[in-house]
Novice: 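Have a look at this one.
Model, not experiment: these values are computed from the prediction. Remember, it's 1-based here, ligands and their atoms both numbered in the order they're listed. Along the sequence shown, residues carry numbers from 1.
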Amino acid sequence: MKQREYPVYKGQVLEVQITGYTSEGQGVARVEGLAVFVAGAIKGERVKIRIAHLGHTAAYGDVLEVLQESPERRKPQCPYEKDCGGCVFWHMSYEEELRAKAQRVEDALVRLGGIDLGTIAITGAPSVTGYRNKAQYPVGLVKGKAEAGFFKNRTHQVVPVRACAIQGEQADAARQIVVDWMQENHVTVYDEKSGKGLMRHIYVRTAAVTKQVLVCLVVNGDGIPKEKQLVEKLLKGVENLATVCLSIHKKPGNAVLGDKFVTLYGEGTIEDVLCGLRFRLSPRSFYQVNHDQAERLYDKALAFAGLTGSETVLDLYCGTGTITLALSRKAKKVIGVEIIDAAIRDAKENALRNEITNAEFFCADAAQAAKRFADEGTHPDVIVVDPPRKGLEESVIESVVSMAPRKVVYVSCDPATLARDLRRFAERGYETKKAEAFDMFPRCHHVESVALLARE
Ligand code: SAH
């Protein structure tokens, strides 16, 4: 749509009715057929807005006044919610957030997947605060002082934070100790433009069950000054601190972690318990950030797989082997495939730690591994896939289908790519039987889903 065809103009003030949500949690209104996205507005509300920006397919409005308030409106429980790009749902009840998320999955399935399963069930989280087991605080200069917190919405400007509502206390404690140590010792801050300066991110991973904490400093250098002093301060101030490490990261770009790790204290890894199994976790390995919800999601994936003990199961995108090992207890044999070497090393160690002998792990690209298995004539009874947000490459779908599993269980962190892929599976004879949503990220816009496909 060209600019002159817009029924609204930048700066225009108007009243609109909010009728739904975008995938990013903004309210949506329609003005003469044009979608207008309004952050902080709730379905059912009448709001006075000012048009702030005209995009390619939609306009963006800022709320000036809520004329008719939704009964779901709540006072935000986080002082940073306006600036921080992390959470988007603080202004509404959790029930309304869950409805918005379930609707998003349902809409994606219908519109992009051509799949109508009726209302999609969503499992809400037991707690909407303190649930994250991983924190990544960017470090920046604020009024000349080293600080760490979050990037201000759509910028790389660091806003210092005292406590993040969705993080645990240990992560906040660790962040503050590192910030104090940086200020005391005049430790330099990484500058994206010049590529100079040392500290980039403070990364903290916490184990929900064992409570162990891993603190990792992401640095643009080979070491840090006053290393011993920092470790001592962390040991004193962070309960259950298990390990401290550095991630050497000298390349430009937005990736948080570098490839090389140096352990300053402890083993460089922590252990957690998930679905009754023990998992060693390296900083680089993927691990679901919401422990309790991950257990519920994996339980559902297992139920969808419907194993009896005689099956061979292939788990593509297996990370540290969480789903693979949970499946292993009910299968004859499980095979996990994952591209990150450190995650596969964790997965193999995790099989050992849990005395699981029917699991094999391969470090490979899922597309290549799936093709190789298909070419070799491997016929898993069930294939589980849990790809990153971009979903499955068409070649992965081809290979999965050519292995002719009875069932495919698809765990997804993006309803749009899930729906697209389910359509592709349908074109090749795999019908989507069930799908459910799980809220792993209360107050944030992301939503996880799991779908069961079977050969027609
Ligand atoms: N199933 C695991 C991990 C899911 S996250 C769990 O629930 O814990 C997705 C995983 O896919 C990540 O571990 C990521 O490293 C991996 N991955 C990304 N691209 C890949 C590819 N092309 N081939 C194989 N694994 C890949």
Novice: Ligand 1 versus I340, non-hydrogen atoms closer than 4.0 Å: side chain, backbone, both, neither?
Specialist: side chain
Novice: Below a 4.0 angstrom heavy-atom separation, can you tell me which part of A343, side chain or backbone, both or neither, approaches ligand 1?
Specialist: neither
Novice: Any idea which part of A364 is under 4.0 Å from ligand 1, heavy-atom wise: side chain, backbone, both or neither?
Specialist: backbone
Novice: Against heavy atoms of F286, which atoms of ligand 1 measure under 4.0 Å?
Specialist: 3 (C), 4 (C), 5 (S), 6 (C), 8 (O), 12 (C), 13 (O)
Novice: To the nearest 0.1 Å, how far is atom 23 (N) of ligand 1 from its closest protein heavy atom, and which atom is that?
Specialist: A366 N, 2.8 Å
Novice: Can you tell which part of Y287 has a heavy atom less than 4.0 Å from ligand 1: side chain, backbone, both or neither?
Specialist: neither
Novice: Does D83 come within less than 4.0 Å of K152, counting only side-chain N to carboxylate O?
Specialist: yes
Novice: What is the closest protein heavy atom to atom 18 (C) of ligand 1, and at what distance does it sit?
Specialist: P388 CG, 3.5 Å
Novice: Considering only non-hydrogen protein atoms, determine which one is nearest to atom 9 (C) of ligand 1 and report residue, atom name and distance to 0.1 Å.
Specialist: D386 O, 3.2 Å
Novice: Can you tell me which portion of T322 lies within the under-4.0 Å heavy-atom range of ligand 1? Options are side chain, backbone, both, or neither.
Specialist: side chain
Novice: Should one rank E448, K390, E338 by closest heavy-atom distance to atom 14 (C) of ligand 1, which comes out on top?
Specialist: E338
Novice: Got the closest protein heavy atom to atom 21 (C) of ligand 1, with its distance?
Specialist: D365 OD1, 3.6 Å
Novice: Taking atom types as modelled and ignoring hydrogens, do the side chains of E267 and T243 form a donor-acceptor contact shorter than 3.5 angstrom?
Specialist: no
Novice: Can you tell which of C318, A347, A294 gets a heavy atom nearest to atom 2 (C) of ligand 1?
Specialist: C318
